[in-house]
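First listed ligand is number 1; within each ligand, the first listed atom is number 1. Computed over heavy atoms, backbone and side chain alike; hydrogens, waters and symmetry mates excluded.
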Amino acid sequence: MITKLPDGKTIDECIHEFPILKNIIDTKEVFWVNPKLEAFEEAIKKISLNEHDVRDAENRLTRFAPLMSNLFLETLVLGGLIESPMYSIPYMQRSLENLFNIKIPGELLLKCDSHLPIAGSIKARGGIYEVLKHTEDLALEHNLIKLEDDYSIMESEQFRKFFSKYTIQVGSTGNLGLSIGIMSAKIGFKVIVHMSADAKQWKKDLLRSKGVTVIEYQSDYSKAVEGGRKLSDIDPMSYFVDDENSTNLFLGYSTAAHRLKKQLEDMKIIVDSEHPLFVYLPCGVGGGPGGVAFGLKLIFKDNVHCFFAEPTHSPCMLLGLLTEQYEKVSVQDFGIDNITEADGLAVGTPSGFVARTLQNSLSGVYTVEDDKLFMLLSTLIDTEEIPLEPSACAGIIGVAKLFVNVSATKYLKDHNLTDKMTEATHIAWATGGGLVPKDVMEGYYEKGLNLLAKRDNHGLH
Ligand SMILES: *Cc1c(COP(=O)(O)O)cnc(C)c1O
């Protein structure tokens with residue numbers, strides 16, 4: 001715990017200014033409504049990225065589609081694009097009502113990025129996009145391709161030999177490493193993944209089996225990133241995927257939005273001022289949920305309400321936004337340990353780029369205890385037969401919190417939404433789980449069942 005924040009305030013002064021900070025420091029669950037949320041047309045003026053950048057990323061993924069469908073057979077059904085299904089989960093919705101003893105009007109959907117091809121997590125969007133962007137940049141720079149070419153030519157031995165001269169490095173809590181590692185190795189790059197202490201063993205094993213070099217750290221995510229960045233900087237042939245600052249990752253994630261719009265249309269779900277959309281996104285460093293939220297705001301503007309979810313022990317984005325100190329503060333500064341089973345979310349310092357970009361567009365951030373993630377995990381398997389990893393369950397509780405928490409109730413009232421909730425759609429973004437080995441998933445499931453059996457009779461409050 002530090003005594004003073006970078007802006008010179010003491011923690012006590014900070015608590016006085018933001019009373020919610022007391023509960024955050026005590027690792028109690030909170031629901032924070034962003035006082036800096038602005039109307040979309042105002043907020044977007046301050047953001048350097050726009051819809052042309054998103055379209056540019058979409059077009060790049062389309063150019064790579066022929067190569068992707070050759071390299072990864074599982075992407076063939078979608079013509080070489082990496083996309084996930086979205087399902088209505090009415091049984092889970094009923095279970096949440098029972099667990100929280102509330103009524104949840106509207107419809108609850110699950111966006112299954114857990115089932116994205118190749119990486120089994122939301123990282124299959126940003127991570128793979130950034131590797132492809134770098135691949136294209138190198139190939140163009142060396143006059144090996146033209147934008148109009150059929151990119152499947154890059155599968156050839158000549159290209160692999162060319163790419164094998166280059167290294168890609170990344171720091172990760174697990175899933176980003178998986179996505180960057182698998183994709184880069186397939187193209188032919190040398191890959192080094194710098195894994196934080198919380199990364200699961202099976203993720204390291206899987207990467208090594210693909211020929212990826214895994215360097216393990218005894219410390220948390222920011223140290224793994226620091227180590228990777230250093231090693232990469234001294235090697236002119238090495239490219240560092242910078243999760244804390246990368247606009248490429250961010251734009252890769254943002255391409256989810258147009259595709260989601262299409263999925264909603266196919267499901268005959270309307271989003272407009274009478275039919276609000278609520279989206280709950282698990283947040284680590286912020287790139288994944290931030291990119292998706294940015295894409296959604298560009299399309300649905302003030303009719304979409306985006307909330308981030310963080311573990312009570314890793315509320316880095318919440319602290320960064322609340323104190324307006326962004327990447328300058330870490331959870332450790334507030335005496336919070338950054339230890340959580342939700343490994344994708346075990347991040348102590350938020351991306352300053354994402355925090356600043358979304359500070360006027362995000363509706364709020366809530367925190368969840370680890371135990372609840374496991375209870376939700378087991379309940380989702382029992383009700384809908386969908387297995388997720390613990391981090392991915394952080395989004396599911398959002399809809400319940402919206403109807404339980406007094407500051408959420410006030411948010412609905414202030415935005416004139418209270419009477420529209422029967423027409424609302426809620427999307428829990430299921431960010432990962434597809435690659436979890438069966439025995440590990442069984443362990444999670446058992447743990448959740450035991451916790452559910454032990455919990456008192458007051459539901460999940
Ligand atoms: C990485 C990850 C997130 C969050 O993405 P960030 O870009 O780190 O904010 C959420 N869930 C899972 C399962 C992840 O792997």
Next on the checklist: For a quick test of reading the model, state the closest non-hydrogen atom pair linking Thr379 to Met375 and the distance between them.
Outcome noted: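 Shortest heavy-atom separation between Thr379 and Met375 comes out as OG1-O, 2.6 Å.
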
Applying side-chain hydrogen bond (donor to acceptor under 3.5 Å, both in side chains), can you list everything that pairs with Tyr366, at least two apart in sequence or on another chain?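 None.
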
Mind checking whether Lys372 and Glu29 have side chains closer than 4.5 Å, heavy atoms only?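 Yes - at least one pair of side-chain heavy atoms lies under 4.5 Å apart.
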
* For the side-chain contact (heavy atoms from CB on, under 4.5 Å) test, which of Leu178, Leu116, Asn175 pairs with Leu435? ->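 Only one of Leu178, Leu116, Asn175 forms a side-chain contact (heavy atoms from CB on, under 4.5 Å) with Leu435, namely Leu178.
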
**Asked** If you measure from the Lys or Arg side-chain nitrogens to the Asp or Glu carboxylate oxygens, is any gap between Lys262 and Glu83 under 4.0 Å?
**Response**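 Here Lys262 does not pair with Glu83 in a salt bridge, since their nearest N and O are not under 4.0 Å apart.
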
Between Glu265 and Lys261, does at least one N-O distance fall below 4.0 Å, as a salt bridge requires?
->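 Judged by the 4.0 Å cut-off on N to carboxylate O distance, Glu265 and Lys261 do form a salt bridge.
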
Could you go through ligand 1 and list every pair where one of its N or O atoms sits under 3.5 Å from a protein N or O, giving the atom names and the distance to one decimal?
residue, atom, partner, partner atom, Å
ligand 1, 7 (O), Gly287, N, 3.2
ligand 1, 7 (O), Gly288, N, 2.7
ligand 1, 8 (O), Val285, N, 3.0
ligand 1, 9 (O), Gly284, N, 2.8
ligand 1, 9 (O), Val285, N, 3.2
ligand 1, 9 (O), Gly286, N, 2.7
ligand 1, 11 (N), Thr431, OG1, 2.6
ligand 1, 15 (O), Lys123, NZ, 2.7
ligand 1, 15 (O), Asn175, ND2, 2.6

